[in-house]
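Quick caveat, the model's predicted, so the values are computed rather than measured.
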Amino acid sequence: MEEVEGEGRGPLSLSGQPEAGPPDRPWQPRPEPVDWLYNRLTVSGPAERVAQFEAAAAGPGVIPWVLDLAELEEDYLLPMAAPQDGVRAISLAGAKILARRLREAVALNHQRALARMATDRSCPFDLHRLLPIPASVLALGPEEGASRDWLRGHWGVTRPLRHVEALPSTLDGRRKRMGQMRVGFWSADWSPWGALARLRRAWPDLSLDLRPDYAPGVGAGAEASESDPEGKGRKSGTRQGRGASG
């Protein structure tokens, strides 16, 4: 069980009772550095095939992870009960109540998201629709190392894409037999080159062109490609956070 540092009483369990353990090693949150990179994907080719790809790619943008709600509640509670500066802004009882309410809110939101999976097509580029995560991996939850390993190996990123949006077409309107789909999205740490390689094999008659946007000083305006392995979507600077599971 994770430990919460008490005020002069040694470590406490989540029930508030003293536990054996060294008092000089309080639990501290460890935010993981996440570097979010904006990407633009252009899919072009015969109009009929592009329309088929659009239909296959559209989904709810939801990954049906199996959430460990008890662990999630503990993750909410511990930073409130043992803040890094050592000064609690809320009582242990209050922290427990708030953590439970946050857990319930996450559970309700996740249930609502799962309920709309069968009919929601608001996300124009849903990688879970195109390259589904196996049920055995979903059962592990989003924070397990094996889950991240699967995403890295099959999608090329360690977290789901965020803020996926349709972009205006740049296709010449006179090319009646050609179609184009453009989307923008944010990816964690890298661009999803692994997913792109698999999609190119699955849709050989389409052109999939992925362009990451680089931060100033790292190559603003640069265009990465498969021939540029050193520039696979890396962006300078980091942001702290665990990221979203959805």
- Query: side chain to side chain contact (heavy atoms under 4.5 Å, CB included) between Leu161 and Trp155: does it pass, once the steps are laid out?
  - Reply: CA-CA 10 Å; Leu161 305 182; Trp155 291 3; 5.8 Å; no
- Query: Once you round to the nearest 0.5 Å, how far does CE of Met181 lie from OG of Ser169?
  - Reply: 11.5 Å
- Within one Ile-Leu-Val-Met-Phe-Trp-Tyr cluster: Leu140 and Ile63, side-chain cutoff 4.5 Å: no
- Measure across Ser187 and Val157 and return the closest heavy-atom pair with its distance rounded to 0.1 Å. CB-CG1, 4.0 Å
- Nearest non-hydrogen partners of Gln180 and Thr170, listed with the distance: OE1-N, 2.6 Å
- Are Leu131 and His154 side-chain neighbours, meaning at least one heavy-atom pair lies under 4.5 Å? no
- Single-linkage hydrophobic cluster Trp36~Tyr38, side-chain heavy atoms < 4.5 angstrom: yes
- Item | Pairwise distance CH2(Trp186) to CG(Asp213) - rounded to 0.5 angstrom | 8.0 Å
- Note on the structure: So CG of Asp209 and OG of Ser44: to nearest 0.5 Å the spacing works out to 7.5 Å
- Item | Considering all heavy atoms, the nearest Gly141-Ser147 contact | O-OG, 2.6 Å
- Residue pair Ala195 / Leu127: nearest heavy atoms and the distance that separates them: CB-CD2, 3.9 Å
- Query: Tell me the salt bridge (Lys or Arg N to Asp or Glu O under 4.0 Å) pairs involving residues 114-125, sequence neighbours left out?
  - Reply: Arg116-Asp120
- With rounding to the nearest 0.5 Å, note down the distance linking CZ in Phe125 to CZ in Phe53. 5.5 Å
- Query: Which side chain to side chain donor-acceptor pair (under 3.5 Å) pairs, counting each pair once, include a residue from residues 123-138, with sequence neighbours left out?
  - Reply: none
- Task: Go through the steps for Leu41 and Leu196 under the test side chain to side chain contact (heavy atoms under 4.5 Å, CB included), then give the verdict.
- Result: CA-CA 10 Å; Leu41 172 67; Leu196 195 69; 3.8 Å; yes
- Glu48, CD: over 12 other non-hydrogen atoms inside 6.0 angstrom: no
- Hey, could you give me the CZ/CH2 distance between Arg152 and Trp190, rounded to the nearest 0.5 Å? 10.0 Å
- Message: For Trp65 versus Leu151, what's the shortest heavy-atom pair and its separation?
- Response: CZ2-CD1, 4.3 Å
- Message: Please give me the minimum heavy-atom distance between Leu210 and Ser191, naming the atom from each residue.
- Response: CD2-CB, 3.9 Å
- Task: List the steps, then state whether salt bridge (Lys or Arg N to Asp or Glu O under 4.0 Å) holds for Glu143 with Arg148.
- Result: CA-CA 7 Å; Glu143 299 300 331; Arg148 299 283 179 83; 2.5 Å; yes
- Task: Calculate, to the nearest 0.5 Å, the distance between atoms CE and CG belonging to Met178 and Leu171 respectively.
- Result: 7.0 Å
